[in-house]
Amino acid sequence: MSIEAGREKRPAAVPDTGIAATTGPQLPDPGEASLRATDLTLSFGQRSILTGVNVEIRRGAVTALIGPTGSGKTTLLRTFNRMNDKVAGYRHSGDVLLDGQSIWHPGVELMALRRKVGMLFQRPNPFPMSIMDNVVAGVKAHRMAGRSELKSIARDRLSEVGLWDAVSERLKDSPFRLSGGQQQLLCLARALAVGPEVLLLDEPTSSLDPIATESIESLIRALVPAITVVIVTHNLAQARRVADRTIFLNDGRLVEHGETSQMFEDPAEEETARYVSGRFG
Ligand SMILES: Nc1ncnc2c1ncn2[C@@H]1O[C@H](COP(=O)(O)OP(=O)(O)OP(=O)(O)O)[C@@H](O)[C@H]1O
Ligand SMILES: [Mg+2]
């Protein structure tokens, strides 16, 4: 079995989906949904958080997840790579399929799922190790490359996120002296280094200034169609700038899902219209 060491290592003829061409039985159909939730209902203890969510996340597109505080956006996002599984009192019914297969199928290894479905959090979370080691942490954990390749993987990924010039002389330094925006870019480089198929972003720019926000947004656009992106944002202007598709959640229900321009300019539901025009609550 060949081991992929990053997206640039795949054969040119293979679409850049994040799936090693030699490990899967076949490549997914590009028209098919990347992630699909079917009748997903989720609760923590007695509290029902998501109710009957049916949604298809379009492969190779940016999908924004919008909705009021507490509507379940983070919970839905975290479900996509099974980060709620260990939360006390967590229960779910319904299913989530990745490339047509349940993410809870007994044959799915959690490590492998999280390599395919990466995540970036609201606050940057570099690991307590050098900048260089941060970038290649996942590559090492998944044994995706030999020692001699790590430096070039780190350079490529840091260049991809526009951080190479700022950190090339301090790869052995702690990441905690980087600015907040730089730390978030480092976390993005780390997430990209394992060649994810899907990237989940939970308000990735909410603690960043407009310049850092703009660089993250343009990076997000550069990731598609190679990677499928789902981004939670409270910033409706950001959803309009970066997202091809938008999902509106309210009180744990999926109210509407469609093309971003339609959702903002001609929403089908009155509830969506009130939210996107700021007349909510
Ligand atoms: N671990 C948990 N245990 C119990 N309840 C939780 C847990 N995590 C989230 N919740 C509840 O689930 C509901 C949805 O939370 P979630 O974080 O998904 O909302 P959100 O839409 O991301 O909100 P925000 O925009 O404020 O980030 C909230 O009522 C929250 O209190
Ligand atoms: Mg949230």
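These values consider heavy atoms only, across backbone and side chains, with no hydrogens, waters or symmetry-generated copies. Order of appearance sets the numbers: ligands from 1, and atoms from 1 within every ligand. What you see is a predicted model, and the numbers here were worked out from it, not measured in a lab.
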- With no hydrogens and no angle check, is any side-chain donor or acceptor of Lys73 less than 3.5 Å from a backbone partner on Gly67? yes
- Query: Linking Ile, Leu, Val, Met, Phe, Trp and Tyr through side-chain heavy atoms less than 4.5 Å apart, which residues share a cluster with Phe127?
  - Reply: Met129
- Item | Sequence-distant partners of Glu169, side chain to side chain contact (heavy atoms under 4.5 Å, CB included), two or more places apart | none
- Item | Glu265 side chain vs Thr260 backbone, donor-acceptor pair below 3.5 Å | no
- Query: Ignoring hydrogens and geometry, is there a side-chain-to-backbone donor-acceptor pair from Gln184 to Gly181 under 3.5 Å?
  - Reply: no
- Message: Let me confirm one number: the CD1-CD1 distance from Ile227 to Ile220, rounded to the nearest 0.5 Å.
- Response: 11.0 Å
- Query: Got the residues with a heavy atom under 4.0 Å of ligand 1, by chain and number?
  - Reply: Phe44, Arg47, Ile49, Pro68, Thr69, Gly70, Ser71, Gly72, Lys73, Thr74, Thr75, Val87, Glu203, His234
- Item | Gap between atom CG of Leu40 and atom CG of Leu254 - 0.5 Å precision | 10.5 Å
- Task: Determine the interplanar angle of the His92 and Trp104 rings, folded into 0 to 90°, and report it as parallel if under 30°, tilted if 30 to 60°, perpendicular if over 60°.
- Result: parallel
- Message: Quick one: does any side-chain atom of Gln183 pair with a main-chain N or O of Leu178 as donor and acceptor, under 3.5 Å?
- Response: yes
- Under 2.8 Å from the Mg ion (ligand 2), how many protein N, O or S atoms can be found? 1
